[in-house]
Every structure is written in C-alpha cells, then in structure tokens.
Amino acid sequence: MQYTIAYEDEFLLIADKPQGVPVAPGKKRSLCEALFLDRPELSRVKGYKEEEGGLLNRLDNETGGLTLFAKSVEAFSYFKKLMDNENIEKFYKAIVYETPNKTSGIIDYPIAHHYSDDKRMSILLDDRTKYRGKARLSKTEWEIVESAKNFSLLRIKITKGIRHQIRVHLSGIGHPILGDKLYCKKKDGYANHFLYSFGLRFKTMNGKEIKIEIATPFDKFVRNL
C-alpha cells in the first residue's frame, strides 16, 4: 500500500491516504500500520488508542486524503484542542449528482446515528426524524467548482468532522456523492466514492499559519464524464 507525505515539521506529519484504505488497524491493512513500519517513533505517541499512535483524525475507508499524526504527546494535545475548538479548517472535493440551483451554500442540519442501521447516519430535517443517541450540530460549506452533464465538482469546507458528515449532508439536499454506496440510491459501480480531503489550514505550535493543498485523483474527472 502506497502513501505519500504531504507535510511534515517537528510537531506534525500529514499523510495522503489512498482511497479504499482504512486509517486505523482492523480487518484490512491500514495507513497506521504502513506508516508505523516506516516511522516507528510515531506509533509510540500516546493518543486516542494505543494501536493508532498520534493519529488525530479519521477518514472513511473510501475517502482519500490528508490524515494528521502528532509527533509527541504535547503536539497531540495541542492539535486535539485545535480540532475540538474548530480551529482547523478542512477542505474536500466531491463529485455529486446533478447541479445545485445555487453556486454555493451552507448545510447545517444536525446529525445523529440512524435509528436502525449501525452503518448509517441521519440528518434531522424536522422533529419527526427517528434517530439514536445524541444529535450533534454540524456545518458543511460548499461551492461549485465546475459542472458537466449530470455531475458537479464541489469544493467543501468543514471545521468539525462528524461521522459521514459531508456524505449525509450532500445526500440530504438531493446531491449524493458519486459512488456512495450508503447514501446514494443509484448503483454506479465505482469501487470508491468521489470524496477527497485535499486541504488544511491551521496554526502550528510555534504560531505559524500553514495552508496545505494537494491534487485529488478526480480534479478533471467531471470534464471527462
């Protein structure tokens, strides 16, 4: 399994996770396992779970892109606090069905676990929506990059990453992500859905503002559909 290092300094390493690869150890070979073989010191950072080292964020298996690893306990605490306070901006690109009737927008429906399906999340459109557990507030900002035929490429910004947030939000406004097997009713046959974490903006521990952007595998895909 191949991955690349998108950014590194004395506090933080950011890997570009391939699509179809889990972040954390489980049934399939994960990014953590591959990275820790090359950089065993990262596995010794005390973070959320022992086998995850200093892993700070998760991406769905099918979502590719920027994954953060703290290089010390102090760095983990610092970046965790940034995330908890929504002080890290995360940018994604997604290909969705159809063209929204506006060029940009904000989706702010609360999100909760689906009332009967453990694999799915639900957006709370009104008081009649059934769900389990606690509903969490969330905000997904989007804008159209380009459109062609029956598809659009969107640029998306979030500051809080609730499970499946972007996927369920876009599906909820009638524009599910191409290839999304959970939230898109159309069966299009793609191995992975078209969602990629391509950008980050944050301040490092020494106060320097960092902005990172990488290419995605489908930047020009819409034009070729």
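Values below: every heavy atom of this structure, side chains too, minus hydrogens, waters and symmetry copies.
- Side-chain contact check for S152 versus P100: some heavy-atom pair is nearer than 4.5 Å.
- Pairing each heavy atom of F69 with each of A15, the nearest pair is CE1-CB, 4.5 Å.
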Could you check K119 against D117 for salt bridge (Lys or Arg N to Asp or Glu O under 4.0 Å), going step by step and ending with a plain yes or no? CA-CA 5 Å; K119 295 181 180 180; D117 189 342; over 6 Å; no

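- For the residue pair D16 and Y196, a side-chain donor N or O sits within less than 3.5 Å of a side-chain acceptor on the partner.
- Residues A112 and L124 share a closest heavy-atom pair of CB-CD1, 3.9 Å.
- Once rounded to the nearest 0.5 Å, the distance linking NZ of K203 with CD of E209 reads 6.5 Å.
- Taking each heavy atom of I177 and L170 in turn, the nearest pair found is CG1-CD1, 3.9 Å.
- Between T204 and L12, the closest side-chain pair of non-hydrogen atoms is not below 4.5 Å.
- L125 and I162 fall within the same hydrophobic cluster, where Ile, Leu, Val, Met, Phe, Trp and Tyr residues are linked whenever their side-chain heavy atoms come under 4.5 Å apart, directly or through other members.
- Without hydrogens or angle criteria, K46 side chain to E50 main chain gives no donor-acceptor distance under 3.5 Å.
- For the atom pair CD of Q165 and CD1 of I156, the computed distance is 10.0 Å after rounding to the nearest 0.5 Å.
- Judged by distance alone, with hydrogens and angles left aside, the side-chain atoms of N85 form no donor-acceptor pair with the main-chain N or O of N87 at under 3.5 Å.
- In this structure, the side chain of K186 does not engage the main chain of L178 through any donor-acceptor pair within 3.5 Å.
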Show the numbers, then the answer: is there a salt bridge (Lys or Arg N to Asp or Glu O under 4.0 Å) between R167 and D60? CA-CA 10 Å; R167 297 166 62 190; D60 296 332; 2.9 Å; yes

Evaluate side chain to side chain donor-acceptor pair (under 3.5 Å) for E74 paired with S77, printing each intermediate quantity in order. CA-CA 5 Å; E74 293 77 17; S77 177; over 6 Å; no

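- In this structure the side chain of I106 reaches within 4.5 angstrom of the side chain of K139, judged on heavy atoms.
- Although no hydrogens or angles enter the test, the distance criterion places no donor-acceptor pair under 3.5 Å between the side chain of K160 and the main chain of D84.
- For Y115 and Y131, the ring centers sit 6.0 Å or farther from each other.
- For the residue pair Q19 / T63, no side-chain donor-acceptor distance below 3.5 Å is found, with atom types taken as modelled.
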Begin with the C-alpha distance, continue with both residues' side-chain angles, and end with the deciding distance and a verdict on side chain to side chain donor-acceptor pair (under 3.5 Å) for H175 and E98. CA-CA 6 Å; H175 299 286; E98 308 300 337; over 6 Å; no

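- Going from atom CG of L13 over to atom OH of Y7 covers 10.0 Å, rounded to the nearest 0.5 Å.
- For the atom pair NZ (K211) and CG (L200), the distance works out to 11.0 Å, reported to the nearest 0.5 Å.
- Taking the six-membered ring for Trp and the full ring otherwise, F76 and Y48 have centroids separated by under 6.0 Å.
- Within 6.0 Å of CG on D127 lie no more than 12 heavy atoms contributed by other residues, nucleotides or ligands.
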The test is side chain to side chain contact (heavy atoms under 4.5 Å, CB included); show your working for I166 and L195 and say whether it passes. CA-CA 9 Å; I166 296 171; L195 178 65; 4.0 Å; yes

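- Between E41 and K71 there is no salt bridge, since no side-chain nitrogen of the basic residue lies less than 4.0 Å from a carboxylate oxygen of the acidic one.
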Stepwise side chain to side chain contact (heavy atoms under 4.5 Å, CB included) test for K93 and F218: CA-CA 9 Å; K93 286 182 181 175; F218 48 83; 4.3 Å; yes

Would Y78 and F11 count as a ring-ring contact (aromatic ring centres under 6.0 Å, His included) if you check the C-alpha gap in whole Å, the side-chain angles of each, and the deciding distance to 0.1 Å? CA-CA 10 Å; Y78 171 80; F11 313 112; 7.8 Å; no

Using side chain to side chain contact (heavy atoms under 4.5 Å, CB included), reason through E10 and N206 one step at a time and then give a plain yes or no. CA-CA 10 Å; E10 62 265 46; N206 59 14; 4.3 Å; yes

Checking salt bridge (Lys or Arg N to Asp or Glu O under 4.0 Å) for the pair E141/R155: CA distance, chi angles, key distance, verdict? CA-CA 8 Å; E141 301 180 40; R155 177 186 172 100; over 6 Å; no

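- Checked by atom type and distance alone, the side chain of N57 pairs as donor or acceptor with a backbone atom of L68 at under 3.5 Å.
- Residue T99 comes nearest to F151 through the heavy atom pair OG1-O, 4.3 Å, listed as atom of the first residue, atom of the second, then distance.
- Listed here is the closest heavy atom pair of M83 and L56: SD-O, 3.6 Å.
- Of all heavy-atom pairs between G172 and I123, the closest is CA-CD1, 3.4 Å.
- Atom CD1 of I212 is separated from atom OG of S197 by 10.0 Å, given to the nearest 0.5 angstrom.
- How far NZ of K157 is from CH2 of W142: 15.0 Å, rounded to the nearest 0.5 Å.
- Side chain of T4 to backbone of A6: no donor-acceptor contact under 3.5 angstrom is found.
- Counting only distance, with no hydrogens or angles, the side chain of H114 and the backbone of S116 share a donor-acceptor pair below 3.5 Å.
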Give the intermediate values and the outcome of side chain to side chain contact (heavy atoms under 4.5 Å, CB included) for residues E8 and R39. CA-CA 12 Å; E8 184 173 8; R39 303 288 295 272; 2.6 Å; yes

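- The aromatic rings of Y183 and H164 sit perpendicular, their planes meeting at an angle over 60°, well past the 30° parallel limit.
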D118 and R132: salt bridge (Lys or Arg N to Asp or Glu O under 4.0 Å), yes or no, with the steps? CA-CA 10 Å; D118 290 341; R132 289 182 296 112; 3.1 Å; yes

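- Using a 4.5 Å cut-off on side-chain heavy atoms (C-beta onward), V23 and L55 make contact.
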Verify side chain to side chain donor-acceptor pair (under 3.5 Å) between E86 and T159, making sure each step is shown before the conclusion. CA-CA 5 Å; E86 300 186 46; T159 54; 2.7 Å; yes

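- The hydrophobic cluster containing F202 also contains I5, counting ILVMFWY residues as joined when their side-chain heavy atoms lie under 4.5 angstrom apart, directly or transitively.
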Y97 vs D188, test: side chain to side chain donor-acceptor pair (under 3.5 Å). Steps then yes/no. CA-CA 11 Å; Y97 279 97; D188 42 43; 2.8 Å; yes

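- Under the 3.5 Å distance criterion, the side-chain polar atoms of H169 are left unmatched by any main-chain donor or acceptor of D108.
- The six-membered or imidazole ring of Y92 lies away from that of F198, with a centre-to-centre distance of 6.0 Å or more.
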